[in-house]
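Working notes, structure below.
To find a chain, count down the sequence lines: A is the first, B the second, and so on, and within it residues start at 1. Note: hydrogens, waters and symmetry copies are ignored here, and every other heavy atom, side chains too, is used.
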Amino acid sequence: MSADLGRDRIARARVVHLMARRIVISPEEFPVADPEGLDFREALNEKQYEAATWGAGPVLVVAGAGTGKTRTLIHRVAWLVGHGVAPEQLVLLTFTRRASQQMLTRASTLLDGRCSRVRGGTFHAFCLMLLKQYAAKLGYPNGFTVLDAQDAADVVDLLRGPVAARFKDRRFPKKRTIASIFSSIRNTGQSLDSVLESAYPHFLEFLEPLNGLFEQYVQYKKEQGLMDYDDLLILTLKLFQQDPGVLREVASACRYVLVDEYQDTNRAQALLVKALSSVHGNVMVVGDDAQSIYRFRGADMGNILRFPEEYAGASVIKLEHNYRSTQAILDLANEVLTQAKHRFDKRLYTERGKGDLPGIVPAPDDRFESRFVSQMILALREQGEPLNRMAVLFRSGHNSYDLEVELNKRGIPFVKYGGLKLAEAAHIKDVIAYLKVLENPRDVVAWNRILQLLDGIGPKTAGRIIEWVQGAEAPRYTTDGSPFSAAYVASLSRLFDVLGRLRQHESPLDEQLESILAYYAPILRETYTEDYPKRETDLEHLTGVASRFADRASLLDSLALDPIELSAVDVEKEEKDEPPLVLSTIHSAKGLEFKSVFVIQSLDGVLPSSYSVGDAEAMDEELRLLYVAITRAEDQLFLSYPMVQFRRYEGQYFTKPSRFLEGLPDTILEPCTLVEAPRDAVPDDGSSRLQDGLPGPSRTLEAPNQPSHDASDSLDDLPF
DNA sequence: TTTCCCAAGCTTTTT
DNA sequence: GCTTGGGAAA
């Protein structure tokens, strides 16, 4: 590796803003040598090295898929810490908690644990931490509650009622829609009418009432001590704005700001980065415009494209050498990307060999698709590929239901990322609501939830009770002197008993949870008579998760921001057995890599989603999504789709493969045919037959071992 | 006012 | 396939 960087000293001038006076201090200098015990030249290529050892000042690292972005960031952290920057002065902002944890653990291994004190996490988590500290300055109580998307919609619903009543005969938007309209106003900084115009033109007639509702919503949350996800970002900005002293204090502590996945930041996040780096000016953002996939929640690719203008004197480092995938996989990725309306001047290259061509696999229906995938996985496993180095990716959470059944049937362990989260299940939210009420007695959403679980109490009565509880100075947990009817006073006082007792003497978290669960158990059985055993297991699950937290507040914060934690328990449990296969939405798979990747349901209408068809920008995003999926693969890539699907009332109907994959030359994407092997001709493990796709125009993949089918049935001959 | 029942509608993707 | 909303009965 060449050592020629043309710089003896890694140094850049930097300017410190202190009060009104600008005092220029001398450049920060690091010795050229690597920190003890680490050979960065050995570990990194020239560009990566340049990025990792960058001195001060703003830098944009444009890192294509698989170009060692994480590796570079980790070495960057290690470099800075190794050169004496206190880990506490480093802020590493990432998009998902998974990404940040992965990064910090990997960095720790480089420098024996010192890096674990690096501050960071998701933007939202970082802001929450700040807001906990400064809530009072914004007129919020310290015990404010964080609302997840569902809770936020519930708050909207409380306010929506009277407004919607005025439009009885017309279709007033539903709570979720309203909540997401509000969210997009705040994420993009657009006005209500421009949001409506671009995304919800059919609701333009409700501009006025929605405007009023929006103001009420903002007001209400403030009064009740509630913050939604967007508030976390926006109130932090507001805090900085109204109180420059706080900004200075916070930003001074952020000597180096590192941001991962910068292409997916929205306006508020970009402003936060600007603010946090406003004292030291040391900001490194890493990203890839071709992998921007969060437009739907306000991410703005413009942030990364405009970075050089936004930060005067910013340098740009490009990483283009791909270390992950074979050339065949990159060829497909590059080819797919050329279909984008917005052109990317990006062509990934590798020095790895050509490798196997990616295959496109039509399956007769999704049962066959699932069998194909699971069989292939077993075969690869027989060849020594660990399950956790393989992944099945899909557009949306439910795309894998059928496959999950098949995997269970075959005893293949898997984890699933993305899609529905346990923390969103009704019974989990119930239990959490009790904790929330204990933490923040002003949390009306939680109160409503737990009160309405009681017999004979609906929205109206719940409202009256909440008023009673909160009417006094301190919340009163008693029915003494209450105006409520005897019909439910008994059940109400049982609830108050439990809450009052827990509030009085703060017992350890697990004991609190135990009391709550004891109280909730009969309610659970009654409300979910059908399937309460399954839900009871989930609650045990929750107890397990809770035991890892020191106190109620930190459990609640964590649940609000990172519901994935719950499914992480599965991982640990399974890992005793065999590291499990990964199922993931493409969104959740960002930043991960696997030896073999299966993209299922590569259908037109799924990927690209039918919701995006007709919107050029949205279609480009779908394309980038496919690009992200393809570039997760190192060696093997299969894109499959069912040729026939079922729909509720229409029955069977024919599908079309993703338009992004149609018309690609066979030399880039190889068509494969599934053939069902005669049953008795199948070797026990089925491994030998899948391994070598024979070179040729159409690879044949045999699908052995399907007892329910006539052995002579060739799939090609099935009667469609 | 609540609850129950039926119909309608709707779903990406995440913090 | 599931949640959400409306309407009617208790």
- Task: Would you mind listing every salt bridge (charged side-chain N to carboxylate O under 4.0 Å, His left out) that reaches into residues 602-612 of chain A, with sequence neighbours excluded?
- Result: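 Sorted result for residues 602-612 of chain A: A:D604-A:R659.
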Would you please name every residue forming a salt bridge (Lys or Arg N to Asp or Glu O under 4.0 Å) with [X], sequence neighbours left out?
X      : answer
A:E261 : A:K69, A:K590
A:D402 : A:R367
A:R186 : A:D228, A:D231

- Message: Can you identify which nucleotide, out of B:dT12, B:dT14, B:dT15, has its nearest atom closest to the A:A149 side chain?
- Response: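 Of B:dT12, B:dT14, B:dT15, B:dT15 is nearest to the side chain of A:A149.
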Look at [X] and [N] and indicate whether a side-chain polar atom (N or O) is within less than 4.0 Å of OP1 or OP2.
X      : N      : value
A:T585 : B:dT12 : no
A:R176 : C:dT4  : yes
A:T122 : B:dT15 : no

Taking atom [atom2] of [N] as reference, at what distance in whole Å does atom [atom1] of [X] sit?
X      : N      : atom1 : atom2 : value
A:I465 : B:dT1  : CD1   : C1'   : 12 Å
A:Q150 : C:dT3  : CD    : C1'   : 10 Å
A:R295 : B:dT15 : CZ    : P     : 19 Å
A:H587 : B:dT14 : NE2   : P     : 7 Å
A:R160 : C:dT4  : CZ    : P     : 12 Å
A:D366 : C:dG1  : CG    : P     : 11 Å
A:I586 : B:dT14 : CD1   : P     : 11 Å
A:K174 : B:dG9  : NZ    : P     : 9 Å

- Message: Between C:dG5 and B:dT12, how far apart are the two C1' atoms, rounded to whole Å?
- Response: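 So the two C1' atoms sit 23 Å from each other.
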Show me the protein contacts with nucleotides 2-5 of chain B, counting only N or O atoms at under 3.5 Å.
residue	atom	partner	partner atom	Å
B:dT2	OP1	A:G458	N	2.8
B:dT2	OP1	A:G458	O	3.3
B:dT2	OP1	A:T461	N	2.9
B:dT2	OP1	A:T461	OG1	2.2
B:dT2	OP2	A:K460	N	3.3
B:dT2	O5'	A:G458	N	3.3
B:dT3	OP1	A:G456	N	2.7

My understanding is that only residues two or more places apart in sequence, or in another chain, count here; which of them pass ring pair (Phe, Tyr, Trp, His ring centres under 6.0 Å) with [X]?
X      : result
A:Y520 : none
A:H427 : none
A:Y294 : A:F95, A:F296, A:H587

- Task: Would you check if A:F123 stacks with the base of B:dT15, given a 5.5 Å centroid limit and a 30° plane limit, both strict?
- Result: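 No; centroid distance or tilt outside limits.
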- Message: Under the side chain to side chain contact (heavy atoms under 4.5 Å, CB included) test against A:F144, which residue among A:L131, A:L235, A:L138 passes?
- Response: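 The residue from A:L131, A:L235, A:L138 that satisfies side chain to side chain contact (heavy atoms under 4.5 Å, CB included) with A:F144 turns out to be A:L131.
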- Item | Under 3.5 Å side-chain donor-acceptor pair for A:K416 and A:S400 |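 Looking only at side-chain atoms, A:S400 and A:K416 do form a donor-acceptor pair, the distance falling under 3.5 Å.
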- Query: Of all of residues 600-612 of chain A, which get a heavy atom below 4.0 angstrom from DNA chain B, listed by number?
  - Reply: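 Nucleic-acid contacts, sorted: A:S609, A:Y611.
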